[in-house]
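Numbers restart at 1 for each chain; the letters A, B, ... are given by sequence-line order, proteins then strands.
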4 protein chains.
Amino acid sequence: MQNLTKQQKILKAATKIFSEKGFHQAKMDEIANVAKVAKGTLYYNYSSKSKLFAATVTDGMKKIMQTISKELESDLPFLDHFRLLLSSSIRLYLKHSEVTKIYVNELSSGLDPETLTEIKQIRNQFIDFVTNILQTGQERGYLKPLNQHLSATALIGIIESLCNNQVNETDDHSMEEIIETIFAILSTGLLNPVKVQF
Amino acid sequence: MQNLTKQQKILKAATKIFSEKGFHQAKMDEIANVAKVAKGTLYYNYSSKSKLFAATVTDGMKKIMQTISKELESDLPFLDHFRLLLSSSIRLYLKHSEVTKIYVNELSSGLDPETLTEIKQIRNQFIDFVTNILQTGQERGYLKPLNQHLSATALIGIIESLCNNQVNETDDHSMEEIIETIFAILSTGLLNPVKVQF
Amino acid sequence: MQNLTKQQKILKAATKIFSEKGFHQAKMDEIANVAKVAKGTLYYNYSSKSKLFAATVTDGMKKIMQTISKELESDLPFLDHFRLLLSSSIRLYLKHSEVTKIYVNELSSGLDPETLTEIKQIRNQFIDFVTNILQTGQERGYLKPLNQHLSATALIGIIESLCNNQVNETDDHSMEEIIETIFAILSTGLLNPVKVQF
Amino acid sequence: MQNLTKQQKILKAATKIFSEKGFHQAKMDEIANVAKVAKGTLYYNYSSKSKLFAATVTDGMKKIMQTISKELESDLPFLDHFRLLLSSSIRLYLKHSEVTKIYVNELSSGLDPETLTEIKQIRNQFIDFVTNILQTGQERGYLKPLNQHLSATALIGIIESLCNNQVNETDDHSMEEIIETIFAILSTGLLNPVKVQF
DNA sequence: CATGAATGAGAATTCATTCAT
DNA sequence: TATGAATGAATTCTCATTCAT
C-alpha cells in the first residue's frame, strides 16, 4: 500500500468514495482524507472533480475489460465461451460494483458535457466489446441474426439490473442462481418450447 | 393547463426538471419557476426536496402501472399477453422516460433513507407486478420454471437498458426494432436452435 | 376552557409557547395550533408577532402584581410584610416562570424598539412597585437609607437569579430553602455580625 | 489589531455582534463583514453558528475569571477581599457587558442542546468560583453559615440585575453607587439594625 | 510537487405576513 | 370576523476551487 503512487492512492480513494456515495454526495475533502493527501494534491493531479470522476470510471472499466479479455483467450466451444462471458461479467460486476454502479447511475447527475462524453465513450467500448463477441457467435451460426448492438445492450442491461438488485437490496439469491437465470434467459428465452408451438 | 391544481402544477414541473437534471442538479428555484408558483409554495405542499422527488417518482410509476394493468385486461392468449406487456412497458417507459430515468439513476444519489425507502418500494411494486404476470404464464405452462422474481428483474433490466440507451444516446433504432429484439431474446433466447443441440 | 374568548385563547397559547421556546424560537404556526385558531386570526387580533409578545408579557406581569398587591393588603408588622413580599414574589415567579422568564431573557432578542419599550415599561412598573414597598419600610425606619431603586432592582435580581436557576437547572433546593436564603441575605446580609466588628 | 490571528478576529467580531443583537438577531454575514473574513472562513473555524456563540461566551467568561483570580491573589483581610470580589466582578461585568449580557439573556433562545450545555457549564464554573470564595469566608467565620451555592447564585443575580439595568436603561447611577449598594445589601442586609430587634 | 487555510457563489429551507374568500 | 393557502425575503450552511507558502 505504501508503494502506490499518489495518483494511484487518489484513484483508489476516489473509486471507494464515488461508489459509496455517488458523484454529488462524494466530497473532495473526504477523498483527500481517505487517500491521505492534501486536498490541493487532488487538484494538482486532476483538474476538477469531474475529471477525477471520469478517470475513476475509465480506469475501473478498463481493468474489467482487460480481465474478461484475458479469460476469454481460450479455444472453448462457443457455448462455453458465451457462458464464460456471462459469468465473468457478473463476477467482475459484483466485485467491482463500486465502479459499475457509478457509471450506471450517474450518467444523468449533472456532469459537465465533456466529462459525460468521456464516460459514455468507455460505456460504449464495453458495449462494443460485447457486441464483438456476439458477432463472432453469429458469424459461426450459434446466435440468431438479431441486431448485435441491441443484443449487447440488452445483455448488459440484464446483468446490471440483477447485479444492482443484488447489491442494493441484498436479495437472497446466490451468484450461481443469478448466473443460471441469466444464462437460461439469454440462451433459450423464457418460453417453454414444449408448450409453445412456432 | 390552467385548471390544474397547484399540487399538479408542481408535480408536473418537478417531473420535468428532475428528469432533465437529476436529483442533485435540479434546483428548487427552477422547479418553482417552471411551476409558476413561489418557492415557498413548494415547501407548503412538500416538506422537502426529497419528499417532492419521491412524490414525483411514485406518482409517475403509479400512472404507468395503472395504464399497463388496463391494457392487459383482455382475454388474449398468453403469448399475445406477454408481447403486449413488453410493448406497453416499453412504450410507456419511453413516454415517461422523464420519470423512469430518475428512478433508475438516482437511487444512489444521496437521498435521505426515508425517501430512498419510499422509492424502492414503488420499484419493488413494479417488479412484483411483472412477477405476477410471469407467474400466471408459468402456471399455465407457457414459461419455463425459472425464478420469477429474477426473471422479472431481468426483464425490467433489459427494458431499462435499451430504453435508457435510446433516450440518452439517441441511438438510431426504432421502437419497433427494440420491441422485436426484446421479444425475441426473452421468448426464445439468443441461441440459434438449429445449430445448438441440447 | 370552551368559554374563553378568542383573544384569551390566543394569549394563553402564546404565553405557553413563548415561555417554552423564547421569542425567536416560538412560531406563529405553533401558537395558532395550540390556540386552535387559524393563523390569520392571530393577525386579526394582534398586528404582529412582537405585539402579541408584548401583550403576553404585559398581561402576565399585571396579574402577578395584582396578586401580590392583594396579598399585601393587610396590617402586618413591616417585617412580616417584607417577608410576605419576598415569598409571594418567589411563589408567583416560579408559578408564572413562563412569563417571567421571557421578560428577563428576551430583552435583547431583537424586538422592534416600540415593543421593547412597552416591555421595559412593565418591568419598570414592577420595579416601582417594589420600590414603593421599600420606601414605606424606610420611612418607618425599618430599612437602611439606601437608594430604593437600586435596592429594588437588586431584590428582583436575586429572585430572578435563584428562580431562574431553579427553573433551568432543576437544582435540588426547595422553595422554602430559597425563600429563607433570600430573606436572610436581604434582611441582615451575608456577614456574620459576631466576627465582624464595625 | 492587524496581528490578531483569524480566529481572534472572528471571536472579537462575534462577541461584538452577538452582544449587540443577541443570538438569533446576529447574522453570520455581519460577523464575517466585521471580522473582515469571508463567510466560509467562519465555518472553516467554527462548525456552526451555535459553536461560534459558545466559543464567544466561553472565551469571554474565562478571561473574566482569570482576571478576578489574579486580582484576588493578595493577603487582604477577608472583608477587603469580599469587597474586592464585588467591585472586580462589577467592573468586569460592565466592561465585558458584551459577553455577560449574552450568557444571561440567551440561555432560553433555542440553542441546540449541546451548545446550551457548554454555556451552562461555564456559567456553573463562575458560580463555583464565587462559591469557593464564600466558602473560605464562612470557614474563617466571616460569613453566616448559609447555603453557599444559593448565596453565590444570589450574589451573581444581584450583580447581573443591577448591571443589566445599568447597561440597558442607562440608569443614572454611578458605578461607585452600585458597588456601595451591593456591598451594603450583601454585607449587612437591607434591615436597619437599630430599629429591628432580633 | 505538495499543502490546507481561505474563499464566495450557490442552495435548501424557514416563517412572518398577506389577502382572497 | 375568521381562515389558511400562498408568498418571497432572508439566512444558514456547503463545498469545489484557488493560491500563497
- Query: Heavy atoms, side chains only, cut-off 4.5 Å: are D:Thr15 and D:Asp59 in contact?
  - Reply: no
- Message: Is the shortest side-chain heavy-atom distance between D:Tyr44 and D:Ile10 below 4.5 Å?
- Response: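 A side-chain contact is absent here, since even the closest heavy-atom pair is not under 4.5 Å.
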For [X] and [Y], which heavy atoms make the closest approach, and how far apart are they?
X	Y	value
D:Ile17	D:Ala26	CG2-CB, 3.7 Å
C:Ala14	C:Thr56	CB-OG1, 3.6 Å
C:Ala38	C:Ala32	C-CB, 4.2 Å

- Any residue meeting side-chain contact (heavy atoms from CB on, under 4.5 Å) with B:Lys51, in chain and number order, not counting sequence neighbours: B:Ser47, B:Ser48, B:Glu114
- Listed partners of B:Lys62 passing side-chain contact (heavy atoms from CB on, under 4.5 Å), at least two apart: B:Thr58, B:Ile122
- Closer to the 5' end of DNA chain F via nearest nucleotide, is it D:Lys27 or C:Asn45? C:Asn45
- Once Watson-Crick and G-U wobble pairs under 3.5 Å are found, how is DNA chain E written in dot-bracket notation, 5' to 3', with | for any base paired to another strand? .||||||||||||||||||||
Would you kindly give the [atom1]-to-[atom2] distance between [X] and [N], to the nearest whole Å?
X	N	atom1	atom2	answer
D:His24	E:dA16	NE2	P	12 Å
C:Gln25	E:dA16	CD	P	10 Å
A:Gln7	E:dA2	CD	C1'	14 Å
B:Phe18	E:dA12	CZ	C1'	12 Å

- Task: Using a cut-off of strictly less than 4.0 Å between a heavy atom of the residue and any atom of DNA chain E, enumerate the qualifying residues of residues 34-44 of chain D by number.
- Result: D:Val37, D:Ala38, D:Lys39, D:Gly40, D:Thr41, D:Tyr44
- Query: At under 4.0 Å between heavy atoms, what does D:Ala32 touch on the DNA or RNA strands: base, sugar-phosphate, or nothing?
  - Reply: nothing
- Item | Listed partners of A:Lys36 passing salt bridge (Lys or Arg N to Asp or Glu O under 4.0 Å), at least two apart |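 A:Lys36 satisfies salt bridge (Lys or Arg N to Asp or Glu O under 4.0 Å) with no residue once adjacent residues are dropped.
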- Query: Which word best sums up how the rings of D:Phe18 and D:Phe53 line up, parallel for under 30°, tilted for 30 to 60°, or perpendicular for over 60°?
  - Reply: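 Plane angle over 60°, so perpendicular.
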- When the C1' atoms of E:dC1 and F:dT21 are considered, how many whole Å apart are they?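 Pairwise C1' distance, E:dC1 against F:dT21, rounds to 13 Å.
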- Of C:Asp29 and B:Lys49, the one whose closest DNA chain E nucleotide lies more 5': B:Lys49
- Note on the structure: Distance col, row C:Lys9:NZ vs C:Ile31:CD1, nearest 0.5 angstrom, shows 14.5 Å
- Of all nucleotides in DNA chain F with an atom under 4.0 Å from a non-hydrogen atom of chain D, which is the first and which the last going 5' to 3'?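 Span of nucleotides near chain D: F:dT11 to F:dT14.
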- Message: B:Glu30 and salt bridge (Lys or Arg N to Asp or Glu O under 4.0 Å): which single residue from B:Lys49, B:Lys21, B:Lys39, B:Lys16 fits?
- Response: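 The option that passes is B:Lys21.
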